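Comments concern the structure below.
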Amino acid sequence: MKAVTLVIALLAVALAAGCGTKKGFEKPGFAFGCPIGESKISSMEDLVKAKVAKEGSKSPDVEIEEIRCTTTGDLMKIDVVVHNDESDVERLQYKFRWIDAEGMRAADEESWKPLLLYGNSRQTVTTIAPNAKARDFKFIFMGQD
Amino acid sequence: MTLPTRLRVPSAVIAAGLALTLAACGGPKTKYGDAGSVETVTNQFGSTDLQMLAEQMSQSMLSEAPVISSGNLPIVTVQEVKNKTSEYIDTRAITNRMRATLQKSRKVRFATDQAEMQKQIDEIQRQQSEYYDQNKSTEVGKMVGAGFRVTGEITSIVKEDKKIKDVYYQLFLSMTNIQTGIEEWSDTKEIRKTTEK
């Protein structure tokens with residue numbers, strides 16, 4: 001009986017540790033490595049909603065699947081996975097907007113960068129913050145004429 | 001005096017015609033645009049290419065060059081970036097943009113490069129003249145040399161037939177330790193542009 005209880009207890013501990021792994025690595029105020037401030041973000045979907053903005057009238061038929069952040073030295077490094085689940089080629093343009101700790105612009109507005117996505121394909125857009133003042137960001141995209 | 005009705009109608013027509021002519025001959029309209037927008041007027045090297053290459057190369061240097069990412073604030077000089085394409089490209093515009101981005105990152109300092117050296121010497125020499133207070137003038141022999149030099153080249157491949165013109169650009173840059181001759185960082189960035197005629 002004691003052995004069964006011990007096994008159950010061990011399993012419970014292992015399960016708790018397993019569930020806690022993601023949160024264990026996450027610093028407060030961060031989700032998937034990305035800064036979220038006071039926002040309550042518990043899923044990748046929430047993070048994408050918080051960090052992505054569409055501009056312009058032409059909306060490309062693509063989905064922002066994932067955003068992951070890390071740091072290189074004191075600079076924020078970001079990966080954004082863009083997915084085109086249609087069979088047609090999609091052309092879009094994107095830029096990052098950098099925000100400092102006070103919510104002000106941390107750098108000049110970036111130029112738009114064109115991106116081509118083949119049908120049924122994914123591309124990871126990678127960037128690094130222009131300076132250490134940049135503490136938060138927005139990924140902005142729109143269709144290409 | 002009232003004009004007869006048959007004269008009034010042509011006058012109105014003439015006035016309307018004149019208004020239309022004036023509107024049509026108004027000439028080209030000028031508007032301010034977005035300097036950061038994607039430019040696809042022709043497939044020659046354009047502003048978007050310059051902005052993209054400079055930005056991507058700066059990001060690569062910041063994240064991949066150990067001497068920069070280590071936070072040691074290295075002193076760098078920018079040498080010539082050769083234009084090996086078939087068109088005119090001001091490669092200094094690319095490196096100037098990179099310099100501005102990197103300097104704002106506060107991760108790199110730039111020493112006077114070859115192109116600016118004469119102006120630097122002229123200013124030091126000017127301050128040595130009798131018109132200046134020598135106690136406050138810049139001293140000769142106090143300039144700091146760079147530890148690293150950045151150089152590179154831009155090449156292109158152009159292919160064209162009756163229907164399509166395809167242009168491929170490749171920018172290669174490298175950063176070398178001047179003391180040791182060891183290449184500390186290098187990267188290539190590419191752009192492909194296709195025009196259907």
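Quantities reported herein were computed from a predicted structural model and do not represent experimental measurements. Chain letters run A, B, ... following the sequence lines, proteins first and then strands; every chain starts at 1.
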Hey, is CZ on B:Arg92 packed in by over 12 heavy atoms from elsewhere, all under 6.0 Å?
yes
Please state whether the side chain, the backbone, both or neither of A:Lys133 comes within less than 4.5 Å of a heavy atom of chain B.
neither
A:Lys138 atom NZ, neighbour heavy-atom count above 12 within 6.0 Å
yes
Check whether A:Ile128 gets within reach of chain B through its side chain, its backbone, both or neither, counting any heavy atom under 4.5 Å.
both
Where B:Val38 and A:Gln93 come nearest, the two heavy atoms and their spacing:
CG2-OE1, 2.9 Å
Do B:Ile94 and B:Ile191 land in one hydrophobic cluster if side-chain heavy atoms of ILVMFWY residues count as linked below 4.5 Å?
yes
Less than 4.5 Å to any heavy atom of chain B: does that hold for the side chain of A:Ser111, its backbone, both, or neither?
both
Between the side chains of A:Asp74 and B:Arg106, is the shortest nitrogen-to-carboxylate-oxygen separation below 4.0 Å, so that they form an ion pair?
no
Does A:Ile78 belong to the same Ile/Leu/Val/Met/Phe/Trp/Tyr cluster as A:Met44, with side-chain heavy atoms less than 4.5 Å apart forming each link?
yes
Find the distance between OG1 (B:Thr101) and CD (A:Glu110) and round it off to the nearest 0.5 Å.
9.5 Å
Quick one: do B:Met98 and A:Trp98 end up in the same hydrophobic cluster if we chain Ile, Leu, Val, Met, Phe, Trp and Tyr together by side-chain heavy atoms under 4.5 Å apart?
no
Is it the case that over 12 heavy atoms from other parts of the model lie below 6.0 angstrom from the CZ atom of A:Arg91?
no
Minimum heavy-atom separation for B:Ser105 and A:Pro130, please, with both atom names.
CB-O, 3.0 Å
In terms of heavy-atom proximity below 4.5 Å to chain A, should B:Ser63 be classed as side chain, backbone, both, or neither?
both
Give, for atom OG1 of B:Thr194 and atom CG of A:Leu116, the distance between the pair rounded to the nearest 0.5 Å.
9.0 Å
Answer yes or no: does atom NZ of B:Lys197 have more than 12 heavy-atom neighbours from other residues, nucleotides or ligands under 6.0 Å?
yes
Any chance CD of B:Glu123 has more than 12 other-residue heavy atoms, nucleotides or ligands included, within less than 6.0 Å?
yes
Take a 6.0 Å sphere around CZ of A:Phe30 and say whether it holds more than 12 heavy atoms from other residues, nucleotides or ligands.
yes
Per-residue contact mode, B:Glu55 against chain A (heavy atom under 4.5 angstrom)
side chain
Any idea which heavy atoms bring A:Ala129 and B:Leu62 closest together, and the distance?
O-CD1, 4.2 Å
Can you tell which part of A:Thr126 gets under 4.5 Å to a heavy atom of chain B, answering side chain, backbone, both or neither?
backbone
Close side-chain approach of A:Leu75 to B:Lys107, heavy-atom, < 4.5 Å:
yes
Side chain from CB out, backbone as N, CA, C, O: work out which of these in B:Gln103 comes under 4.5 Å of a heavy atom of chain A, or both, or neither.
neither
Residue from A:Gly73, A:Ala107, A:Ala134, A:Pro114 scoring the most non-hydrogen pairs under 4.5 Å with chain B is A:Pro114
Cluster link A:Val52 to A:Phe96, ILVMFWY, side chain under 4.5 Å
yes
With the 4.5 Å side-chain cut-off for hydrophobic clustering, are A:Ile67 and A:Ile41 part of the same group?
yes
Rounded to the nearest 0.5 Å, how far apart are CD of A:Gln144 and OG1 of B:Thr40?
7.0 Å
Below 4.5 Å, heavy atoms only, C-beta onward: do A:Asp108 and B:Lys104 meet side chain to side chain?
yes
